Amino acid sequence: MILEILQSRFAAALTGLVDDVQPLLELIRPSQDPKFGDFQANMAMPLAKKLSKPPRDVAKQIVDALDIDDLCQPPELAGPGFINLRLKEEFLAELVRKSLDDEDRLGVPEVEPADRKTVVVDYSGPNVAKPMHVGHLRSTVIGNALAKMLRFAGHEVITDNHLGDWGTQFGMIIYGYRNFLDWAAYEKNPVQELSRVYRIVRQKVDEPNKEIADAVLAETAKLHAGDAENLKLWKEVLPNCTDEIDRIYKRLNISFDYVLGESFYHPMLQGVVDELLQKGIARESEGAVCVFFDGQEVPMLVRKKDGAFLYGTTDIATVEYRMKEFKPDAILILTDFRQSLHFEHLFATARLLGYDNVELSHIKFGTVLGEDGKPFKTRSGDTVGLESLLDEAESRALTVVKENDKAGLSEAEQRETARRIGLGAMTYADLSQNRESDYVFSYDKMLAMNGNTATYMQYAYARVRSIFSKGEIDIDALRKSGATIILSAPAERALAIELLKFDDALRHALRDYRPNVLTAYLFELANRYSTFFENCPVLKAEDAAVRTSRLLLCDLTARTIKKGLELLGIETVERM
RNA sequence: GCGUCCGUGGCGCAAUUGGAUAGCGCAUCGGUCUUCGGAACCGAGGGUUGGGGGUUCAAAUCCCUCCGGGCGUACCA
């Protein structure tokens, strides 16, 4: 909010100097050091180059043309041509007031109607044949956060879970079902037993055991060709798998607008291949049907020589379906970065098909690694199931909750608190890291509750709330009072400025689809609040006006933290 | 081989995409409490941003080169 206002003032001062002022306005930023003021404008240097004048002269020229006295102290020139701005208390107070009065959005504006997009967010996408594991958490948690943030920003968001319910892994399941199934175990826990036979087959294929590998491919091809027996088996097995997955989503508190798995697109695949051939986009090579790309040796295969379709075929069908059905401006697909080449190929093919008016983005993220630096497995070679991870998170949280409980929570309240804290810790661990980096799996790290963690923020939130309950404050009356915001103490001022950066943090996070920008902001906000909390007594403030003002700052802080965490898919607690 | 991503205090990571003295968490050491929740706060030590060269008023960021690593590289997803 601050930034937009400053930008409009600078825009006025810059008119006539360049054709396009927008890139220059981007160079107005929060100062990293308080001694340089609150914000700094860095456009004089690049502009000086264009005008071939000394940068300090250009800076001076900008400052002279700048009408900004109502917002800040006289701008200061520094270094090669930085323009440093220190905001006036009244201006900050006015903006804080606006945010306070904005019930749902806390002063964050929605995107302009012209910029409003329809965005398909494709995330999670587990293979239904095997239990979900830690690797799926990244796609699920990051996708969920981005979808929420985009929605809050004012975009039309369509979430779609592209289940892996039709690929070669099903050939393995079918083969395993026929040859290795323990019926008693299957009756008892179908998914666990299916995943056991899946692992057996998988291992044999990897050995490699050519006979079994061929048999698996044959089962897959039969399924895809419509073989009645295999289809029947698929239909028998699938509901068990999806039930299992749904249970986990429920626990993670995640839902989708659509769950259109690979099998949904199967009827369209032949058409896709025909279309690609017909338009001369694909051709036959070594018995397979392929799309080749300029300057690249490896093609994307859309039909194998045995007639079966592939990942790429399904994904093209998916793009076509989404374009027809949803008419999106953007399609975001969240997967592991190891699939980068595939998506380059897919998007290039989509453009060849004429879909060039849509943003197609592969939102990639790093791999979850074990301590050996290899993709994560337990000692026995299994992946860590998501459910056991959730259990662990909650039980660790419960221990901490019990140790620290001073509020006298009931047993049920303790459990619910632990659930929110444990789940929040896990979610936050994923979101707070730059998504493109790999990370080494560790319970301690994932479930940490000190430092830059969800728990720290939840704690900050609970502390704010406790002020209101302790003081028996009527929040509605307080908000409606229209009381003056006073920002004379440095900690009050710093907190207010941080609160007003919420919309900037969101915009920045969405620009690169990076939730960690938002977590960093929230952490900073919680820090500022802690400093404020230490230095500025609220209930025992020196006079009534200061007390009211501080209560309002507390209120806005609590609401901002709550909203921010909510956008990340993390719940808050009133007491902990 | 080719493509691609990466290398930042002991460890784990940031750095608003080229901006001022590279920040934060953990760990280590020291300090703060008769005040609203100590799951807190304040401070200290620790860095030639893998090496070298270049572009620029300005480089962790861009270019070249070398070293080290991850991933991908035709019928898995």
Side-chain angles (χ1 to χ4, degrees), chain A residues 26-27 29-33 35-36 40 42 45-46 48-49 54-55 78-82 84 125 127 164 167-169 171-172 205 217 220 262 285-290 296-306 308 310-312 314-315 335-342 344 364 366-367 369 373-374 400-401 403-404 406-407 421 432-434 436-440 442 444-445 448-453 455-456 458-460 462-464 466-468 470-471 504-505 507-509 511-512 514 516-517 520-521 523-524 527 530-531 533-541 550 554 575-576:
Chain A
E26 304 285 330
L27 296 173
R29 289 171 191 174
S31 301
Q32 22 178 306
D33 191 322
K35 80 176 179 212
F36 299 133
Q40 57 177 259
N42 302 338
M45 285 80 80
K49 185 159 280 177
F82 295 104
N84 294 334
N127 279 328
T168 303
Q169 80 274 12
M172 295 195 194
V205 169
L217 290 180
T220 310
E262 292 172 335
S285 167
E286 297 175 29
V289 178
C290 314
Q296 287 205 37
E297 254 181 74
V298 295
M300 178 169 76
L301 271 68
V302 293
R303 192 174 66 202
K304 302 201 268 189
K305 62 185 167 201
D306 68 5
L310 301 99
Y311 188 27
T314 311
D315 278 0
T335 81
D336 193 294
F337 76 97
R338 287 176 292 189
Q339 298 181 35
S340 297
L341 183 60
H342 166 73
E344 268 177 48
K364 54 191 102 172
T367 315
L369 303 175
K374 301 246 171 71
V400 180
V401 167
E403 273 171 17
N404 290 283
K406 292 181 197 72
I421 291 176
S432 59
Q433 180 162 347
N434 186 329
E436 302 214 29
S437 318
D438 286 348
Y439 77 64
V440 175
S442 117
D444 289 338
K445 193 176 131 189
M449 296 180 191
N450 297 316
N452 183 6
T453 63
T455 309
Y456 178 84
Q458 287 166 325
Y459 178 70
R463 273 203 308 186
V464 187
S466 86
I467 289 180
F468 287 94
K470 176 139 192 165
D504 187 41
R507 206 179 6 243
H508 179 187
R511 189 185 61 201
D512 300 321
R514 281 178 31 188
N516 72 310
V517 173
Y521 165 76
F523 183 59
E524 189 66 28
N527 264 316
S530 284
T531 305
F533 182 81
E534 295 293 323
N535 293 296
C536 303
V538 179
L539 294 175
K540 294 172 187 169
R550 286 181 180 166
C554 287
R575 296 188 296 169
M576 60 191 278

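Computed from a predicted model, the values in this text were never measured in an experiment. The sequence lines fix the lettering, A, B, ..., with proteins before strands; numbering per chain opens at 1.
- If you check every strand for non-hydrogen atoms under 4.0 Å, A/Leu27 touches nothing.
- In the set B/A14, B/A20, B/U16, B/U16 carries the atom at the smallest distance from any side-chain atom of A/Pro30.
- Straight-line distance from the CG atom of A/Asn452 to the C1' atom of B/C13: 9 Å, rounded to whole Å.
- Between A/Arg511 and B/U16, a side-chain N or O to OP1/OP2 separation shorter than 4.0 Å is absent.
- Nucleotides of RNA chain B nearest to A/Lys49 and A/Lys445 differ in position, and the one nearer the 5' end is that of A/Lys445.
- Between the C1' atom of B/A59 and the CE atom of A/Met45 lies a distance of 14 Å, rounded to the nearest Å.
- A/Asp438 places a side-chain heavy atom less than 4.5 Å from the side chain of A/Phe337.
- For B/G51 and B/U34, the P atoms lie 49 Å apart once the distance is rounded to whole Å.
- Among the atoms of the strands shown, base atoms are found under 4.0 Å from some heavy atom of A/Pro80.
- Here A/Ser437 lies in heavy-atom contact (under 4.0 Å) with sugar-phosphate atoms only.
- A donor-acceptor contact shorter than 3.5 Å links the side chain of A/Arg550 to the backbone of A/Pro537.
- In a base pair of the Watson-Crick type (N1 to N3 plus N6-O4 or O6-N4) or a G-U wobble (N1-O2 and O6-N3), with each distance short of 3.5 Å, B/G46 is matched with no nucleotide.
- The partner of B/C71 is B/G3, by the rule that a Watson-Crick or G-U pair needs both atom distances under 3.5 Å.
- B/U56 and B/A40 have their P atoms separated by 49 Å, with the value rounded to a whole Å.
- The same atom, C1', is picked in B/G69 and in B/C29; the two are 34 Å apart, to the nearest Å.
- Among the atoms of the strands shown, none is found under 4.0 Å from any heavy atom of A/Ala520.
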A/Asn450/A/Tyr456 under side-chain contact (heavy atoms from CB on, under 4.5 Å): CA gap, chis, key distance, verdict: CA-CA 6 Å; A/Asn450 297 316; A/Tyr456 178 84; over 6 Å; no
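- B/A58 makes up no base pair with any nucleotide shown, lacking Watson-Crick or G-U wobble contacts both under 3.5 Å.
- With B/A20, B/C76, B/A77 as the choices, the nucleotide that has an atom nearest any side-chain atom of A/Ala78 turns out to be B/A20.
- Looking at the side chain of A/Leu301, the nearest of the listed nucleotides B/A74, B/A14, B/A20 is B/A74.
- Within 4.0 Å of A/Arg550, counting heavy atoms only, lies no atom of the nucleic acid at all.
- In this structure, the nucleotide among B/A14, B/C76, B/A74 sitting nearest to the side chain of A/Cys290 is B/A74.
- B/U32 sits 35 Å from B/C13 when the P atoms are compared, rounded to a whole Å.
- Going from the C1' atom of B/U16 to that of B/G23 covers 13 Å, rounded to whole Å.
- Of the two residues contacting RNA chain B, namely A/Gln433 and A/Gly164, the nearest-nucleotide position lying further toward the 5' end is that of A/Gln433.
- In the set B/A77, B/G72, B/A20, B/G72 carries the atom at the smallest distance from any side-chain atom of A/Leu341.
- A 3.5 Å limit on both hydrogen-bonding distances identifies no Watson-Crick or G-U partner for B/A15.
- Judged by Watson-Crick or G-U wobble contacts below 3.5 Å, the nucleotide B/C26 has B/G10 as its partner.
- At distances below 3.5 Å, not a single donor-acceptor pair connects side-chain atoms of A/Gln458 with backbone N or O atoms of A/Met576.
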Pair A/Gln296-A/Leu341, side-chain contact (heavy atoms from CB on, under 4.5 Å): steps then yes or no: CA-CA 11 Å; A/Gln296 287 205 37; A/Leu341 183 60; 3.9 Å; yes
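- Side-chain N/O atoms of A/Thr314 and base N/O atoms of B/A77 include no donor-acceptor pair closer than 3.5 Å.
- With rounding to whole Å, A/Tyr521 atom OH is found 18 Å from B/A15 atom C1'.
- A/Asp512 places none of its side-chain heavy atoms less than 4.5 Å from the side chain of A/Val517.
- Contact of the A/His342 side chain with the A/Asp315 side chain is registered, since non-hydrogen atoms from C-beta on lie closer than 4.5 Å.
- Atom CZ in A/Phe36 sits roughly 10 Å away from atom C1' in B/G19 (whole-Å rounding).
- When distances run from any side-chain atom of A/Gln32 to the nucleotides B/G19, B/A77, B/C24, the shortest one goes to B/G19.
- Residue contacts for A/Arg507: at a heavy-atom cut-off of 4.0 Å it reaches no nucleic acid atom on any strand shown.
- At a cut-off of 3.5 angstrom, counting only N and O atoms as typed in the model, there is a donor on one side and an acceptor on the other between the side-chain of A/Asp512 and the base of B/U17.
- Among the heavy atoms of the strands lying under 4.0 Å from A/Asn84 is at least one base atom, whether or not backbone atoms are also near.
- With rounding to whole Å, A/Arg303 atom CZ is found 19 Å from B/C76 atom C1'.
- Among the protein residues, A/Pro54 comes within range of no part of the nucleic acid, since none of its heavy atoms lies under 4.0 Å from any strand.
- Remark: B/A20 base-pairs with no nucleotide; criterion is Watson-Crick or G-U wobble with both hydrogen-bond distances under 3.5 Å.
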Summary of protein contacts for nucleotides 26-42 of chain B, nucleotide by nucleotide, where a base hit scores B, a sugar-phosphate-only hit scores S (4.0 Å, heavy atoms): S--------SBBSBSSS
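- In this structure, A/Asn516 atom CG and B/C13 atom P are separated by 13 Å, rounded to whole Å.
- Look at B/C36: it lacks any Watson-Crick or wobble partner with both distances under 3.5 angstrom.
- As rounded to the nearest Å, B/U55 and B/A60 have P atoms that lie 16 Å from one another.
- For A/Glu436 and B/U4, the CD to C1' distance is 12 Å, given to the nearest whole Å.
- Across the C1' atoms, B/G70 and B/G10 are found 23 Å apart, a figure rounded to whole Å.
- Residue contacts for A/Asp336: at a heavy-atom cut-off of 4.0 Å it reaches no nucleic acid atom on any strand shown.
- A/Gln339 has its CD atom 17 Å from the P atom of B/C5, to the nearest Å.
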